Amino acid sequence: MPLSINTPLLQSLPLSHATGTQVWMKMEALQPSGSFKIRGVGHACEQHHARGAKRFLSSSGGNAGLAVAYAGRRLGVPVVVVVPETTSERARILLGLEGAEVVVHGESWFEANELARSLETPADAFVHPFDDPLLWEGHASMIDEVVAEGVRPDAVVLSVGGGGLLAGVDLGLRRNGLGSVPIYAVETQGMASFNASIQAGDLTEIPVVSGVATSLGARQVCQRAFDVSKERPVVPVQVTDAEAVSACLAYLNDHRTLVEPACGASLALLYENKLSLRAHSNVLVIVCGGCTATIESLSGFRGC
Ligand SMILES: *Cc1c(COP(=O)(O)O)cnc(C)c1O
């Protein structure tokens with residue numbers, strides 16, 4: 001039994017109306033850890049557990065860390081998550097609820113990650129948030145589920161942080177004979193490291209990440225995400241923070257599900273009709289979820 005669940009595939013009338021085509025939603029926001037991350041992280045942790053790992057380490061104060069904490073609790077493996085001082089109280093509480101040991105260290109993710117890596121012994125498994133073929137293998141299962149329900153998307157919309165979701169969805173599409181279906185890869189302007197690499201024609205690091213979509217905050221995407229853009233049509237799209245936040249609020253009203261701005265970025269492409277999707281007849285949006293946002297925080301960002 002995988003640690004992730006088989007999520008609903010729902011048709012969205014509001015999003016279909018906004019875009020003038022049929023939009024399907026893969027409801028990853030309903031995963032037990034609050035985001036799609038548990039698919040890949042759960043798969044990786046099961047493999048590490050089977051190989052005898054005695055402890056899982058993570059340096060993510062976001063949805064990846066939460067997925068590791070959830071996987072550890074389910075598998076009975078202790079989890080240590082090292083997070084920087086900037087990590088929100090809410091994230092620390094959620095990690096603690098899952099029973100993970102939370103170590104607060106350093107001013108930024110860089111220092112927290114250094115400490116996490118230094119704790120690693122041969123009995124531990126360090127779980128990366130996006131750059132690991134085991135993660136992509138787990139993420140790919142969401143596409144298997146869509147196809148098993150009889151839906152063959154002719155376009156996919158998803159958000160890009162470090163590019164693990166993109167790499168996994170690409171894998172899932174390819175193994176279901178959908179290797180040439182275009183993927184719309186959405187980022188907020190302050191987190192546009194994938195866009196930067198595409199513009200430069202090479203893997204590129206952006207100097208700073210900024211804005212509300214914190215789960216997209218990777219300064220450089222993984223090599224695999226960049227390579228995917230050479231193997232199939234990938235359309236990079238940027239939205240503003242304000243568009244991502246208002247998409248979250250509209251989505252909450254329309255679909256009764258609260259998601260992070262990282263997910264709102266993908267939804268904004270559809271709500272704002274940023275580019276026409278009318279040439280496609282079955283658009284699949286990955287509702288990647290995220291549990292670091294609250295109604296209060298979204299309302300507070302509204303003026304951004
Ligand atoms: C991690 C995450 C992303 C980005 O995924 P990557 O694999 O890093 O590209 C998007 N949305 C949410 C809610 C996430 O947790």
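Remember, it's 1-based here, ligands and their atoms both numbered in the order they're listed. Remember, predicted model here, so these are calculated numbers, not experimental data.
For atom 11 (N) of ligand 1, the nearest protein heavy atom (residue, atom name, distance) is C288 SG, 3.2 Å. In this structure, atom 10 (C) of ligand 1 lies nearest to the protein heavy atom L216 CD2, 3.6 Å. At the shortest separation from atom 5 (O) of ligand 1 among protein heavy atoms lies F36 CZ, 3.4 Å. With respect to atom 1 (C) of ligand 1, the closest heavy atom belonging to the protein is K37 NZ, 1.4 Å.
The atoms of ligand 1 that sit less than 4.0 Å from any heavy atom of G290 are 13 (C). Listed by number with element, the atoms of ligand 1 under 4.0 angstrom from any heavy atom of V160 are 9 (O).
No N or O atom of C263 sits closer than 3.5 Å to an N or O atom of ligand 1. Remark: ligand 1 and G164 share an N or O pair separated by less than 3.5 Å (distance only, no angle test).
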Enumerate donor-acceptor pairs with a distance under 3.5 Å from any side-chain N or O in residues 93-106 to protein atoms, sequence neighbours excluded.
residue, atom, partner, partner atom, Å
E98, OE1, R73, NE, 2.5
E98, OE1, R73, NH2, 3.1

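There is no side-chain donor-acceptor pair under 3.5 Å between E296 and S299. Between the side chains of S4 and Q31, no donor-acceptor pair is found at a separation under 3.5 Å. Counted by atom type alone, D144 and S141 present zero donor-acceptor pairs between their side chains at under 3.5 Å. Side-chain N/O atoms of D154 and S281 include a donor and acceptor closer than 3.5 Å.
Between G65, A265, G161, it is G161 that holds the heavy atom closest to atom 9 (O) of ligand 1. Checking S193, G162, S35 against atom 8 (O) of ligand 1, the nearest heavy atom belongs to G162. Within the set A218, S159, G289, the minimum heavy-atom distance to atom 13 (C) of ligand 1 is found for G289. When the options N63, L165, L66, L135 are ranked by their closest heavy atom to atom 7 (O) of ligand 1, first place goes to L165.
Shown here for A29 and T257, the closest heavy-atom pair between the two residues is CB-CG2, 3.8 Å. Contact record, A67 with V41: C-CG1, 3.7 Å, taken as the closest heavy-atom pair. S193 and A218 make their closest contact through OG-O, 2.8 Å (heavy atoms, listed as atom of the first residue, atom of the second, distance).
In V259, neither the side chain nor the backbone holds a heavy atom less than 4.0 Å from any atom of ligand 1.
Taking the charged nitrogens against the carboxylate oxygens, E120 and R117 do have a contact shorter than 4.0 Å, which makes a salt bridge.
Taking 4.0 Å as the cut-off, L166 does not count as a neighbour of ligand 1 on heavy-atom distance.
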